[in-house]
Amino acid sequence: MAAPGETLRKRRGVGGASKPPPAPSHEEGGQAPPARLPLRPGTFWLSRIVLLRCIALLYFVAFLVAYHQNKQLIGEKGLLPCKLYLQNVKRYFKGKINLDSLSYAPTIIWFLDWSDMDSTLDCLAGLGLGVAAYVLVTGCANMILMGILWILYLSLVNVGQIWYSFGWESQLLETGFLGIFLCPLWTLSRLPKYTPPSRIVIWGFRWLIFRIMLGAGLIKIRGDRCWRELTCMDYHYETQPVPNPLAYYMHRSPWWFHQFETLCNHFIELVVPFFIFMGRRMCIIHGVLQILFQVVLIISGNLSFLNWLTIVPSVACFDDRCVGFLFSSKEGRVKDQVLKIQAEQAAGQRLPLRYGCYVRKVVNVSFGLLIAYLSIPVILNLLNSRQVMNTSFNPLRIVNTYGAFGSITKERTEVIFQGTSSLDPNDPTSVWEEYEFKCKPGGLKRRPCLITPYHYRLDWLMWFAAFQTYEQNEWIIHLAGKLLANEEGALSLIALNPFQGKAPPRWIRGEHFKYKFSQPGGKHAREGKWWIRKKIGPYFPPVNLQGLKTFYNARDWPYPEQN
């Protein structure tokens with residue numbers, strides 16, 4: 001009986017040339033090309049590259065903001081000069097730069113030249129921009145580079161006073177500190193083979209996002225009752241510090257949608273954080289939900305780089321298998337190298353033990369113990385019914401407590417600067433012209449801006465000042481004096497100077513207004529108005545440059561030179 005294969009060959013031979021026989025299978029002794037295996041779960045080589053680039057991006061934005069605004073805010077002629085601040089700290093500690101003064105304000109500016117503070121601030125920000133750009137572009141970093149970024153930003157934050165008093169400054173420093181221990185000491189490689197990512201550091205990032213979200217959720221439940229009544233979102237879009245165009249429309253959503261938003265917020269901040277401790281799959285779900293939540297916040301508000309920064313520790317929820325799609329699969333690329341490392345590990349091969357490996361293990365364990373120790377007051381704060389938010393319990397801001405919008409303002413008020421060239425500010429015929437800030441609400445027909453992740457620090461502080469008094473914010477009078485002199489530095493913080501190309505105003509005053517969004521499609525909207533406003537009264541009385549001289553001298557502020 002003929003074999004089936006022979007019969008088949010005979011049939012194929014009838015009426016034409018026979019086809020070449022198929023290549024032998026692997027079972028018949030041939031060698032098939034090896035199939036490319038998928039990335040294995042549980043390693044973080046690629047995740048480390050993503051984390052480092054994300055941290056570098058946020059550092060780059062932060063240093064860019066510092067480079068553009070520090071001179072005007074804390075420079076030689078700044079609204080709150082950091083030189084005066086350091087001199088006051090030094091005076092408080094008996095005129096010495098010792099351990100106490102360094103602990104109170106840890107900054108390398110203590111040891112730098114104070115004679116030209118503007119140049120010093122620019123150099124720190126410029127160096128930070130350069131290092132951050134290198135890590136962002138190359139994906140390569142070591143402990144030295146990440147340590148430099150952390151020290152530079154710590155130095156600026158600790159002399160920034162109220163301009164750097166926001167929670168995201170400490171959050172960036174804590175995130176950056178974790179990034180230091182994610183890297184090898186010396187090696188500059190995206191894939192330092194002998195320095196695998198430490199699981200202790202990965203869990204440090206996870207512990208950070210857990211505290212951020214749980215702290216934000218608890219401060220809301222314990223704070224404003226509108227969070228418990230599910231009504232806070234009725235006000236948030238209109239009264240947040242710097243609304244964006246989408247917030248204008250989101251504010252007019254139906255009441256049931258705002259309640260749904262609030263419930264989702266509570267679920268994301270109070271329930272989802274515990275997914276981190278429920279295994280790999282739930283940890284991934286946690287990371288996805290947190291990132292989606294932050295994206296929603298990004299597109300509905302200008303909260304500086306806060307939400308971008310909060311995405312970073314969530315990346316630690318994803319191992320190489322999850323983030324592999326972000327990398328090229330070409331031969332010799334990073335992803336291919338990781339596959340080879342995983343194959344070697346699967347085959348039982350281990351990296352040769354070196355002296356540096358033991359040192360690294362000691363450093364990682366010590367790092368974990370440090371984080372655990374510094375977390376004690378943070379945990380106690382989370383458990384406390386009188387929880388405080390955005391607080392550092394150590395001067396280096398390594399482990400901090402966080403929270404956002406523990407209370408919601410129900411009405412929006414704005415301080416509007418107005419200037420006049422009239423000799424008599426009380427003359428009812430005087431023409432008062434308004435200054436326009438970069439992003440905060442002012443002109444009624446001006447569309448809300450979209451700037452995230454960039455940050456206008458002055459605009460943000462104007463939001464706080466609007467529900468306080470000018471006596472609580474003396475820098476406002478300082479700003480008024482600079483506008484009276486048409487000082488170039490101060491005017492760079494302003495979008496519109498009504499006296500551009502003219503003589504400076506003789507008088508400046510602050511007026512207090514209540515602002516509300518116009519109704520989409522309504523009368524005011526058809527007139528091109530995004531806002532409607534109602535005057536509350538004066539915020540600060542008319543002031544002139546001569547009258548502010550005593551005020552300036554009492555605070556050692558440089559007297560503005562009229563341009």
Side-chain angles (χ1 to χ4, degrees), residues 22-27 29-61 130-146 149 175 178-199 201-202 205 280-281 283-285 287-288 291-292 295 308 311-352 354 356-357 360:
S25 66
H26 183 65
E27 288 78 4
Q31 292 185 354
R36 182 177 291 273
L37 297 175
L39 287 164
R40 294 172 178 269
T43 63
F44 296 89
W45 298 96
L46 301 178
S47 304
R48 170 165 60 186
I49 297 173
V50 178
L51 276 168
L52 289 174
R53 278 184 156 155
C54 288
I55 295 171
L57 172 63
L58 272 300
Y59 267 131
F60 185 86
V61 173
V131 176
Y134 173 81
V135 177
L136 176 61
V137 172
T138 65
C140 303
N142 57 28
M143 295 184 75
I144 297 174
L145 290 182
M146 298 304 292
L149 288 172
T175 306
L178 291 170
I180 296 173
F181 294 87
L182 200 59
C183 308
L185 176 59
W186 297 104
T187 308
L188 274 178
S189 170
R190 287 198 294 171
L191 201 69
K193 189 173 181 180
Y194 296 100
T195 312
S198 167
R199 290 185 178 271
V201 180
I202 294 297
F205 281 104
R280 177 178 179 269
R281 185 169 299 175
C283 188
I284 293 172
I285 293 173
V288 171
I291 290 175
L292 290 176
V295 169
W308 300 76
I311 288 175
V312 176
S314 296
V315 174
C317 295
F318 307 110
D319 55 23
D320 290 339
R321 190 167 193 173
C322 295
V323 302
F325 72 96
L326 297 173
F327 296 83
S328 171
S329 298
K330 292 183 178 179
E331 185 77 22
R333 296 289 182 90
V334 173
K335 185 176 178 179
D336 181 63
Q337 296 177 42
V338 172
L339 284 168
K340 292 177 180 177
I341 292 175
Q342 290 185 343
E344 291 173 358
Q345 292 175 342
Q349 297 181 24
R350 293 187 178 183
L351 296 174
R354 297 184 174 186
C357 296
R360 187 75 186 183

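We count residues from 1, following the sequence as given.
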Could you pull out the closest heavy-atom pair between Ile202 and Ala316, with the gap in Å?
-> CG2-O, 3.7 Å
What heavy-atom pair brings Phe318 and Gly287 nearest, and what distance separates the two atoms?
-> CZ-C, 3.5 Å
In Å and rounded to the nearest 0.5 Å, what is the CG to CG distance from Leu188 to Leu145?
-> 5.5 Å
So which of Leu57, Ile55, Leu58 actually passes side chain to side chain contact (heavy atoms under 4.5 Å, CB included) with Leu136?
-> Leu57
Taking all atoms of both residues into account, what is the closest heavy-atom pair of Ser328 and Lys335, and its distance?
-> O-CB, 3.3 Å
Begin with the C-alpha distance, continue with both residues' side-chain angles, and end with the deciding distance and a verdict on side-chain contact (heavy atoms from CB on, under 4.5 Å) for Phe327 and Ile49.
-> CA-CA 10 Å; Phe327 296 83; Ile49 297 173; 4.1 Å; yes
Main-chain N/O of Ser47 paired with Asp319 side-chain donor or acceptor, under 3.5 Å = no
Starting at OG1 of Thr43, measure out to CZ of Arg199 and round the result to the nearest 0.5 Å.
-> 8.0 Å
Of all residues at least two apart in sequence or in a different chain, which pass the side chain to side chain donor-acceptor pair (under 3.5 Å) check with Asn142?
-> none
Do Met146 and Phe181 have side-chain heavy atoms sitting under 4.5 Å apart?
-> no
Do Val315 and Phe44 pass the side-chain contact (heavy atoms from CB on, under 4.5 Å) test, and can you show the C-alpha distance, the side-chain angles, and the key distance before you say yes or no?
-> CA-CA 10 Å; Val315 174; Phe44 296 89; over 6 Å; no
d(Thr175 OG1, Ile311 CD1) to nearest 0.5 Å is 12.0 Å
Within the side chain of Thr187, is there an N or O that forms a donor-acceptor pair under 3.5 Å with the backbone of Ser189?
-> no
Rounded to the nearest 0.5 Å, the CG atom of Leu46 sits from the CG atom of Leu39 at a distance of 6.0 Å
Contacts of Arg40 that satisfy side chain to side chain donor-acceptor pair (under 3.5 Å) - sequence neighbours left out | none
To the nearest 0.5 Å, what is the distance between CD1 (Ile341) and CH2 (Trp45)?
-> 4.5 Å
Close side-chain approach of Lys193 to Lys340, heavy-atom, < 4.5 Å | no
Over all atoms of both residues, closest heavy-atom pair of Ile284 and Cys322 = CD1-SG, 3.3 Å
Heavy-atom count around Arg280 CZ within 6.0 Å, excluding the residue itself: above 12?
-> yes
Find out whether Pro192 and Arg48 are in side-chain contact, i.e. whether some heavy atom of one side chain is under 4.5 Å from a heavy atom of the other.
-> yes
Write down the atom of Cys54, the atom of Val312, and the distance for their closest heavy-atom approach.
-> CB-CG2, 3.9 Å
Write down the atom of Gly179, the atom of Phe205, and the distance for their closest heavy-atom approach.
-> N-CZ, 3.9 Å
Got a second to check how far Gln342's CD is from Gln337's CD, nearest 0.5 Å?
-> 12.5 Å
